[in-house]
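I have placed the structure first, in the form of structure tokens, so that the comments after it can refer back to it.
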2 protein chains.
Amino acid sequence: MTTAIPGYTAGTPTVARSPVSLADFALMQKSVLFGDDDVRALRQSYDVVEDQVEAILDVWYGFVGSQPHLLASFTNTSSRDPIGDYLAGVRRRFGQWILDTARAEYNQAWLDYQHEIGLRHHRAKKNQTDGAASTAIVPFRDLFLLVVPVTTTLKPFLAKRGHSTAEVEAMHAAWVKSCLLQLTLWSHPYVKDGDF
Amino acid sequence: MTTAIPGYTAGTPTVARSPVSLADFALMQKSVLFGDDDVRALRQSYDVVEDQVEAILDVWYGFVGSQPHLLASFTNTSSRDPIGDYLAGVRRRFGQWILDTARAEYNQAWLDYQHEIGLRHHRAKKNQTDGAASTAIVPFRDLFLLVVPVTTTLKPFLAKRGHSTAEVEAMHAAWVKSCLLQLTLWSHPYVKDGDF
């Protein structure tokens with residue numbers, strides 16, 4: 001990175017400790033069949049996506065922008081209009097999220113920041129990072145569903161650097177698993193106490 | 001069905017109305033890119049899986065049985081041993097779930113029964129259907145993660161009836177989307193009031 005991304009606080013003392021332990025996360029990886037081959041596939045995807053981040057974000061933002069029930073989470077609660085600064089602020093961190101997902105470094109700082117991301121989707125901390133006058137919460141119902149448009153539209157980008165079909169499939173599958181793991185971690189603030 | 005399945009109450013008056021409306025569900029389908037082609041692919045899979053249900057369940061039960069943190073939800077809270085009757089009772093409804101998923105008939109009765117399934121995973125109604133002396137809840141953290149082993153191990157079964165690679169891929173993708181939709185519905189009892 002050449003410039004700091006506002007609100008990207010991974011690895012800083014402002015991020016609270018995750019309520020999920022690394023041991024819990026290791027079991028979650030078993031549940032989703034996430035193994036060393038997935039780590040390798042994600043890291044292989046790093047070089048593939050690194051210089052396509054903006055093009056990928058264009059597709060993802062295009063999808064969200066085309067669905068009023070999804071775009072709602074970025075709208076001003078008074079005017080109902082999309083908030084440009086909010087969309088732009090989130091976008092920069094979303095680009096960094098692509099790289100962090102491909103990096104696949106699972107340590108305590110990574111786990112803690114996943115929880116922070118969850119809090120920022122939930123009413124606990126939504127809007128705070130960007131000072132946005134927007135809706136109170138990203139509804140739970142859409143969180144996991146978005147794994148499909150995100151990873152389906154990512155696949156053509158994964159195929160653009162000459163890897164074999166099998167390699168592209170492996171990268172895609174690893175991305176799906178990683179997204180499900182991350183979404184599960186992000187869900188913690190939404191889930192009733194003791195039910196996670 | 002030739003014999004009634006104990007506890008399979010879909011479409012009966014004992015099932016409460018889902019807190020999620022059919023209009024909500026239609027938006028959820030948009031979020032996960034679920035369309036008419038997915039309905040067709042699921043229904044195409046019906047004939048494929050119909051006479052393979054027991055073999056599919058063998059694989060799924062084999063996976064859960066091999067993972068102590070997953071098998072825990074089927075164990076006796078005193079002895080810590082797996083409860084055979086409980087596993088068998090759930091298995092019969094799980095087999096019906098395969099057929100119902102492939103049938104892809106989304107009406108109010110189906111929606112209501114999805115909520116009932118969620119309640120039976122959650123502490124609200126776990127164990128009641130089978131009178132099992134088991135753990136209080138299936139933890140939220142594993143629910144969505146299991147979509148991967150379920151759909152990944154299903155894929156070879158989808159390929160066993162001579163369909164083209166593209167058809168098998170389409171059936172598999174539709175199953176993934178349907179599972180994410182259903183898991184989202186099942187999560188409702190786990191999610192804090194107002195956050196769904």
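Numbers restart at 1 for each chain; the letters A, B, ... are given by sequence-line order, proteins then strands.
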Next item on the list: Could you tell me whether a side-chain N or O of A/Glu167 sits under 3.5 Å from a main-chain N or O of A/Ser164, the two making a donor and an acceptor?
Entry: yes
Next item on the list: Check for a donor-acceptor pair, side chain of A/Gln96 on one end and backbone N or O of A/Arg92 on the other, with a separation under 3.5 Å.
Entry: no
Notebook entry, point to check: What closest approach, in Å, do B/Pro6 and B/Ala4 show between heavy atoms, and which atom pair accounts for it?
Noted result: CD-O, 3.6 Å
Check: Are the side chains of A/Phe74 and A/Ile83 in touch, meaning some heavy atoms are under 4.5 Å apart?
Finding: no
Checklist line | Largest heavy-atom contact set with chain B, pairs under 4.5 Å, which of A/Val138, A/Leu183, A/Asp24 | finding: A/Asp24
Margin query: Whether the side chain of B/Arg93 engages the backbone of B/Tyr8 through a donor-acceptor N/O pair (distance < 3.5 Å, no angle test) should be reported.
Written below: no
Notebook entry, point to check: Got A/Ile56 and A/Ile98 here, is their nearest side-chain heavy-atom distance under 4.5 Å?
Noted result: yes
Item checked: Close contacts, residues 105-126 of chain A versus chain B, judged by heavy atoms under 4.5 Å -> A/His122, A/Arg123
Margin query: For the residue pair B/Trp175 / B/Ser45, report whether a side-chain donor-acceptor contact shorter than 3.5 Å exists.
Written below: yes
Check: Of all heavy-atom pairs between B/Arg43 and B/Ala104, which one has the smallest distance, and what is that distance?
Finding: NH2-O, 2.6 Å
Notebook entry, point to check: Do the side chains of A/Leu87 and A/Pro82 get nearer than 4.5 Å, heavy atoms only?
Noted result: yes
Notebook entry, point to check: How long is the span from the CG atom in B/Leu57 to the CH2 atom in B/Trp97, to the nearest 0.5 Å?
Noted result: 10.0 Å
Note to self: Do B/Tyr86 and B/Asn76 pair up side chain to side chain, a donor and an acceptor below 3.5 Å, judged on atom types alone?
What the structure shows: no
Check: Is there a donor in the side chain of B/Ser178 and an acceptor in the side chain of B/Gln182, or the other way round, less than 3.5 Å apart?
Finding: yes
Margin query: Looking at B/Asp130 and B/Asn127, would you say the former's side chain and the latter's main chain have a donor-acceptor pair under 3.5 Å?
Written below: no
Item checked: Residues of residues 25-32 of chain B near chain A, each having a heavy atom less than 4.5 Å away -> B/Leu27, B/Met28, B/Lys30, B/Ser31, B/Val32
Check: Is it the side chain or the backbone of A/Leu181 that comes within 4.5 Å of chain B heavy atoms, both, or neither?
Finding: both
Margin query: Is any side-chain heavy atom of B/Phe144 closer than 4.5 Å to one of B/Cys179?
Written below: no
Notebook entry, point to check: In terms of heavy-atom pairs under 4.5 Å with chain B, which of A/Asp193, A/Leu180, A/Val191 leads?
Noted result: A/Val191
Note to self: Please output the residues of residues 146-163 of chain A in contact with chain B, using a heavy-atom cutoff of under 4.5 Å, in numerical order.
What the structure shows: A/Leu146, A/Val148, A/Pro149
Note to self: One pair to check against side-chain contact (heavy atoms from CB on, under 4.5 Å): A/Thr184 and B/Leu145. What are the steps and the verdict?
What the structure shows: CA-CA 8 Å; A/Thr184 298; B/Leu145 302 178; 3.7 Å; yes
Note to self: Give the interface residues of residues 60-73 of chain B toward chain A, defined by a heavy-atom separation under 4.5 Å.
What the structure shows: B/Phe63, B/Gln67, B/His69, B/Leu70
Margin query: With chain A as the partner, which of B/Phe34, B/Tyr190, B/Phe196 has the greatest number of non-hydrogen pairs under 4.5 Å?
Written below: B/Phe196
Margin query: Could you tell me if A/Tyr46 and A/Asp100 have a donor-acceptor pair between their side chains, going purely by distance under 3.5 Å?
Written below: no
Margin query: Tell me whether B/Asp85 is salt-bridged to B/Arg91, with the criterion being a basic N under 4.0 Å from an acidic carboxylate O.
Written below: no
Notebook entry, point to check: Which atoms form the tightest heavy-atom contact between B/Arg80 and B/Thr77, and what is the distance?
Noted result: NE-O, 4.0 Å
Check: Highest number of heavy-atom pairs under 4.5 Å with chain A: which of B/Leu143, B/Val176, B/Asp142, B/Leu33?
Finding: B/Leu33
Next item on the list: Applying side-chain contact (heavy atoms from CB on, under 4.5 Å), run through B/Thr9 and B/Thr12 and close with a yes or a no.
Entry: CA-CA 6 Å; B/Thr9 55; B/Thr12 71; 3.5 Å; yes
